Protein chains: 2
Amino acid sequence: MADLSENRRKVLSVADCPSRLLLDQIADKWSVLVIAALHDEPLRFNEIRRRLEGVTQKALTQCLRKLERNGIVGRKVIPVSPISVEYSITPLGRTLQEPFKVLYRWTVDYLPAVEQARQDFDERNGA
Amino acid sequence: MADLSENRRKVLSVADCPSRLLLDQIADKWSVLVIAALHDEPLRFNEIRRRLEGVTQKALTQCLRKLERNGIVGRKVIPVSPISVEYSITPLGRTLQEPFKVLYRWTVDYLPAVEQARQDFDERNGA
DNA sequence: CAGAATCCATATAGATACTG
DNA sequence: CAGTATCTATATGGATTCTG
């Protein structure tokens, strides 16, 4: 507290925020679901697609590319005809289990509190 | 494994994904930083703004509203002139510390692996 | 099958100006 | 000071078409 007196305000920049690394990769609409889908077994492109309700081919492709680039999922092309591509979780990807579990746990534990807060807020304001 | 044989494929929908609750609220560009900034002490609007490098007034307002609505931060108007508004972390907001810590920990632990994966990927592909 | 490419609607970000 | 309102540039999302 003594350290930060005066105008020694520390500046927080998005670029330096370490949590960005993780959030940027998993916080999009589909990544968590893709990772969950691959948890038990490798799957082919269209199989993943069928399991994720509502994902478009474009969105899924982009998502898988990003996860692949970051070493979270692996991609194996099997050159048969018609072509087959198998996606799987990498060991690095599996290390996400811990953060995911904690995330999940928080959600379950505090969903009621958050919903209550939203309701209160909307009543205080809206209408 | 026996259970999911046949075409008993389970469908994962974004709407049902519980992690959405948390990710939707904290995964945006500024929420984590705002929460970090308020960790030690309540702050006024423009003070938060000064500490977050690059945030626009509009983005910060939206971010704070969302956090307030979800019960993560509190907002207290002090009717002096010129007006003063103080933002603070709520008890509910403090419960985010645990997920954040785990997130942070993962990032620190696996940043090198992710960066290596990216580099490998870019070499295999790009150019 | 697994995608790349394209086009279009819409959502979001940012800058600017204004107000109690 | 702490916003709201508005406008615009840009990014993103989704549907459609095409291909090795």
Side-chain angles (χ1 to χ4, degrees), chain A residues 7 9 13-15 17 20 23-34 37-38 41-69 73-88 121 124-126, chain B residues 7 9 13-15 17 20 23-34 37-38 42-69 73-88 121 124-127:
Chain A
N7 52 1
R9 51 174 170 79
S13 80
V14 174
C17 178
R20 280 296 109 205
L23 292 178
D24 289 345
Q25 303 313 314
I26 66 160
D28 65 277
K29 219 175 167 193
W30 302 108
S31 289
V32 174
L33 293 179
V34 167
L38 295 177
E41 46 176 353
L43 294 174
R44 297 175 56 173
F45 185 86
N46 279 324
E47 181 56 29
I48 301 176
R49 188 170 181 199
R50 273 186 291 274
R51 298 201 188 193
L52 267 54
E53 190 168 274
V55 70
T56 65
Q57 170 268 322
K58 183 183 175 184
L60 183 56
T61 299
Q62 287 172 345
C63 179
L64 286 168
R65 282 289 172 285
K66 186 170 67 176
L67 292 174
E68 185 196 359
R69 183 169 117 90
V73 315
R75 177 176 183 271
K76 192 166 88 184
V77 179
I78 301 154
V80 295
S81 180
I83 200 172
S84 170
V85 179
E86 191 181 80
Y87 291 93
S88 58
F121 180 93
R124 279 201 309 278
N125 304 275
Chain B
N7 52 359
R9 53 175 168 79
S13 80
V14 174
C17 178
R20 281 293 110 206
L23 292 178
D24 289 344
Q25 303 314 314
I26 68 160
D28 65 277
K29 219 175 168 193
W30 302 108
S31 288
V32 175
L33 293 179
V34 166
L38 295 177
L43 294 174
R44 298 175 55 174
F45 185 87
N46 279 322
E47 182 55 30
I48 300 175
R49 187 171 181 196
R50 274 186 291 273
R51 298 200 189 195
L52 267 52
E53 190 167 273
V55 70
T56 65
Q57 168 271 322
K58 183 181 171 183
L60 183 55
T61 299
Q62 287 173 344
C63 180
L64 286 169
R65 283 288 172 282
K66 186 170 66 176
L67 292 174
E68 186 197 356
R69 182 168 118 90
V73 315
R75 178 176 182 270
K76 190 165 87 185
V77 180
I78 301 155
V80 295
S81 178
I83 200 171
S84 171
V85 179
E86 192 181 80
Y87 291 93
S88 58
F121 180 93
R124 280 201 308 277
N125 304 274

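Per chain, numbering begins at 1; letters A, B, ... match sequence-line order. Please read these numbers as outputs of a predicted model, since none were measured by experiment.
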Notebook entry, point to check: Quick one: what's the B/S/- string for nucleotides 9-20 of chain D, heavy-atom cutoff under 4.0 Å, read 5' to 3'?
Noted result: ----BBB----B
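On the nucleic acid side, DNA chain C contacts chain B at distances under 4.0 Å to non-hydrogen atoms, with the end points of that region at C:dA13 to C:dG20.
Proximity of a side-chain donor or acceptor of A:Asn46 to a complementary backbone N or O of A:Arg49 within less than 3.5 Å is not detected.
Salt bridge status for A:Lys66 with A:Asp24: absent, with no side-chain N to carboxylate O gap under 4.0 Å. Ionic pairing of A:Glu41 and A:Arg51 is present here: one or more N-O contacts between side-chain nitrogen and carboxylate oxygen are shorter than 4.0 angstrom.
The heavy-atom pair separating B:Val77 from B:Ile83 by the smallest distance is CG1-CD1, 3.7 Å. In plain terms, the two heavy atoms of B:Arg65 and B:Tyr87 that are nearest each other are NH1-OH, 3.6 Å. When all heavy atoms of A:Pro82 and A:Val80 are compared, the closest pair comes out as O-CG2, 3.2 Å. For the pair A:Ala27 and B:Leu23, the tightest heavy-atom approach, listed with the atom from each and the gap, is CA-CD1, 4.2 Å. Among all heavy-atom pairs drawn from B:Leu52 and B:Val34, the shortest one is CD2-CG2, 3.6 Å. Of all heavy-atom pairs spanning A:Arg75 and A:Val85, the tightest one is CG-CG1, 3.7 Å.
When the side chain to side chain contact (heavy atoms under 4.5 Å, CB included) test is applied to B:Ser13, the partners found at least two apart in sequence or on another chain are A:Glu53, B:Ala15, B:Asp16. For A:Ser84, the side chain to side chain donor-acceptor pair (under 3.5 Å) partners at least two apart in sequence or on another chain are A:Arg44.
Contact annotation: B:Arg65 reaches the phosphate of D:dT4 (side-chain N/O to OP1 or OP2, under 4.0 Å). Taking side-chain N and O atoms only, B:Tyr87 has a distance below 4.0 Å to OP1 or OP2 of D:dG3.
Nucleotide D:dA2 holds its C1' atom 14 Å from the CD atom of B:Glu86, rounded to whole Å.
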Next item on the list: Could you walk me through whether A:Thr61 and A:Phe45 pass side chain to side chain contact (heavy atoms under 4.5 Å, CB included), step by step?
Entry: CA-CA 9 Å; A:Thr61 299; A:Phe45 185 86; 3.5 Å; yes
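Of the listed residues (B:Val55, B:Val73, B:Leu38), just one forms a side chain to side chain contact (heavy atoms under 4.5 Å, CB included) with B:Ile48, and that residue is B:Leu38.
Direction of the helix axis in the helix from C:dC1-D:dG20 to C:dG20-D:dC1 shifts by 50° between the two five-pair termini, rounded to 10°.
Contacts between residues 73-81 of chain A and DNA chain D, defined by a heavy-atom separation under 4.0 Å, are absent.
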